[in-house]
Amino acid sequence: MTIERSDGGWDASRRRVLGMLGAGGLCAVSPWTFAAQAGGAWPERPINYVVPFPPGGLTDVAARQVGKALSDAEKWNVVVENRPGGSANIGASHVARAAGDGYTWLAITLTHVANVTLFEGKTGYDLMKDLTPIAGLASCGMMVVVNAKSDIKTLDDLTRVAKTRNLSAGSSGSGTPPHLALALYESLTGVSMTHAPYKGGAPSLVDLMGGHLDVIFSNYPESLPHVKSGALRALAVTAKARTPDLPDVPTVAEAGMPGLIVDNFTGVLAPANTPPQIVQQAGKAIVEQMSRPEMKQAMVQLGFSPQPRGPAEFRTYLDSEVVRWRKIIQDAKISVG
């Protein structure tokens, strides 16, 4: 939403700046510096928040929550634009090439971290060089689920049965977080399942409930309603702590597999040449909104664990996740080709 100033205030500020600069010094000052000194306010027009996934998914829902919060509290006009495709690389590449003026954001997830290794040199952008972190938002764990009628009742059962017969495991697609969690499980246990990639989590869950699959390492919010309805049985969650909605379902650590902790996070990035002042301003506003009790409650109800992080902290987190998943992907020989 545009923030207007009176003509008198703008003219007075402009005269002060021109007086400080002089005619000879103007070319040495960046457009951002001039705008800041002259009293120009960012944002003065809508912010395009690119979600590289279809509408209605986890990342899309989180982005719209953030956009609404910023609109209500900061009076910013944040417009969510869905640019799915290319394993989330199409939207990310678009943002990486956008002008670094603070008006284009990217919704990032674990998928992008994995893509650094899965599509090395083929994404059309460099995650950590062409984009800069603004803020971390939240994360959600995976849930290991089977059909409610299955004879598999625990994570130990799953491993035992997988060693005696060929099981089919669905996912939302090759290289997606559910597939990564499955591959990590196989690496940790030494078992091998038949991977069945789908175009999204919902159709895979339909087939699991229909008895056409044996197990899914599912995004927690996607499978939660089906576990609550009794159609699916949850064996474990890959989060560090049990969830309020399913307090009787153990964590993977409690089930004897602490190495299987997986967080599918989401956060906000911008083009790398975005002015640091804008990055800090946006990051601070987002962290403040994500730290509000009402927002935390809303995110928890959606199945997320709020994890607000500022620009520097989020960059450190992303660096560590890239390193961690590069090793997991390479050790498990995960391929999307």
Side-chain angles (χ1 to χ4, degrees), residues 50-66 80-92 107-112 114-115 118 137-150 152 158 167-185 193-239 243 245-246 249 262-266 298-305 334 336:
V50 176
V51 175
F53 302 98
L58 300 178
T59 310
D60 180 70
V61 170
R64 293 179 190 278
Q65 285 280 338
V66 172
V80 173
E81 176 190 1
N82 297 94
R83 281 183 174 254
S87 297
N89 286 323
I90 290 177
I108 184 180
T109 72
L110 175 57
T111 295
H112 296 93
N115 285 352
L118 292 171
L137 303 180
S139 71
C140 65
M142 302 288 157
M143 185 150 54
V144 188
V145 290
V146 297
N147 190 295
K149 299 177 182 178
S150 172
I152 299 172
L158 178 65
L167 299 181
S168 58
S171 81
S172 52
S174 295
T176 60
H179 180 209
L180 297 178
L182 166 63
L184 178 57
Y185 167 80
M193 301 186 193
T194 299
H195 176 222
Y198 286 72
K199 292 183 178 180
S204 67
L205 289 169
V206 169
D207 271 6
L208 180 63
M209 289 183 285
H212 305 297
L213 294 169
D214 292 304
V215 64
I216 294 179
F217 287 70
S218 169
N219 282 311
Y220 178 86
E222 291 178 341
S223 51
L224 177 62
H226 305 299
V227 173
K228 282 189 167 184
S229 72
L232 296 178
R233 176 186 300 127
L235 307 183
V237 292
T238 68
T243 65
D245 285 308
L246 300 172
V249 177
V262 179
D263 280 329
N264 188 9
F265 65 89
T266 184
M299 296 300 284
V300 168
Q301 289 176 343
L302 290 170
F304 288 98
S305 173
I334 302 173
V336 294

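Computed over heavy atoms, backbone and side chain alike; hydrogens, waters and symmetry mates excluded. None of the values given here were measured: they were computed from a predicted structure.
- Applying the salt bridge (Lys or Arg N to Asp or Glu O under 4.0 Å) test to every pair with at least one member in residues 203-215, sequence neighbours left out, gives no pairs at all.
- For the pair Asn147 (side chain) and Leu232 (backbone), a donor-acceptor distance under 3.5 Å is absent.
- Between Ile216 and Gly170, the shortest heavy-atom contact is CG2-O, 3.7 Å.
- Applying the side-chain contact (heavy atoms from CB on, under 4.5 Å) rule to Ala88 yields the partners Pro52, Phe53, Thr111, His112; only residues at least two apart in sequence or on another chain are considered.
- Here the side chains of Leu158 and Tyr185 are in contact, with some heavy-atom distance below 4.5 Å.
- By the side-chain contact (heavy atoms from CB on, under 4.5 Å) test, Glu81 pairs with Asn48, Val50, Arg83, sequence neighbours left out.
- Shown here are the ring-ring contact (aromatic ring centres under 6.0 Å, His included) partners of His212, two or more places apart in sequence or in another chain: there are none.
- Minimum heavy-atom separation, Gln65 to Ala298: OE1-CB, 4.0 Å.
- The two residues Ser204 and Ser171 make their nearest non-hydrogen contact at CB-O, 4.0 Å.
- Note that OG1 of Thr266 and CE of Met299 are 7.5 Å apart. Values are rounded to the nearest 0.5 Å.
- Residues in residues 223-237 take part in these side-chain hydrogen bond (donor to acceptor under 3.5 Å, both in side chains) pairs, two or more places apart or across chains: Ser218-Ser223, Lys228-Asp245.
- When side chains are defined from C-beta on, Tyr198 counts as touching Leu213, because their heavy atoms get closer than 4.5 Å.
- Side-chain contact between Leu302 and Val61: present, with at least one pair of heavy atoms (C-beta onward) separated by less than 4.5 Å.
- The distance from atom CG of Asn115 to atom OG1 of Thr109, rounded to the nearest 0.5 Å, is 8.0 Å.
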Please tabulate, one pair per line, all N/O donor-acceptor pairs under 3.5 Å involving side-chain atoms of residues 137-145, not counting sequence neighbours.
| residue | atom | partner | partner atom | Å |
| --- | --- | --- | --- | --- |
| Ser139 | OG | Gln307 | OE1 | 3.2 |
| Ser139 | OG | Gln307 | NE2 | 3.3 |

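- Just one residue in the list Thr243, Asn264, Thr238 forms a side chain to side chain donor-acceptor pair (under 3.5 Å) with Tyr220, and that residue is Thr243.
- Nearest heavy-atom pair, Ala107 versus Thr59, reported as atom, atom and distance to 0.1 Å: CB-CG2, 3.6 Å.
- Distance check: Thr176 OG1 to Leu182 CG gives 9.5 Å after rounding to the nearest 0.5 Å.
- Across all their heavy atoms, Asp60 and Pro54 have their closest contact at CB-O, 3.9 Å.
- Side-chain contact between Ile152 and Leu235: present, with at least one pair of heavy atoms (C-beta onward) separated by less than 4.5 Å.
- With rounding to the nearest 0.5 angstrom, the NZ atom of Lys199 is 13.5 Å from the OG atom of Ser172.
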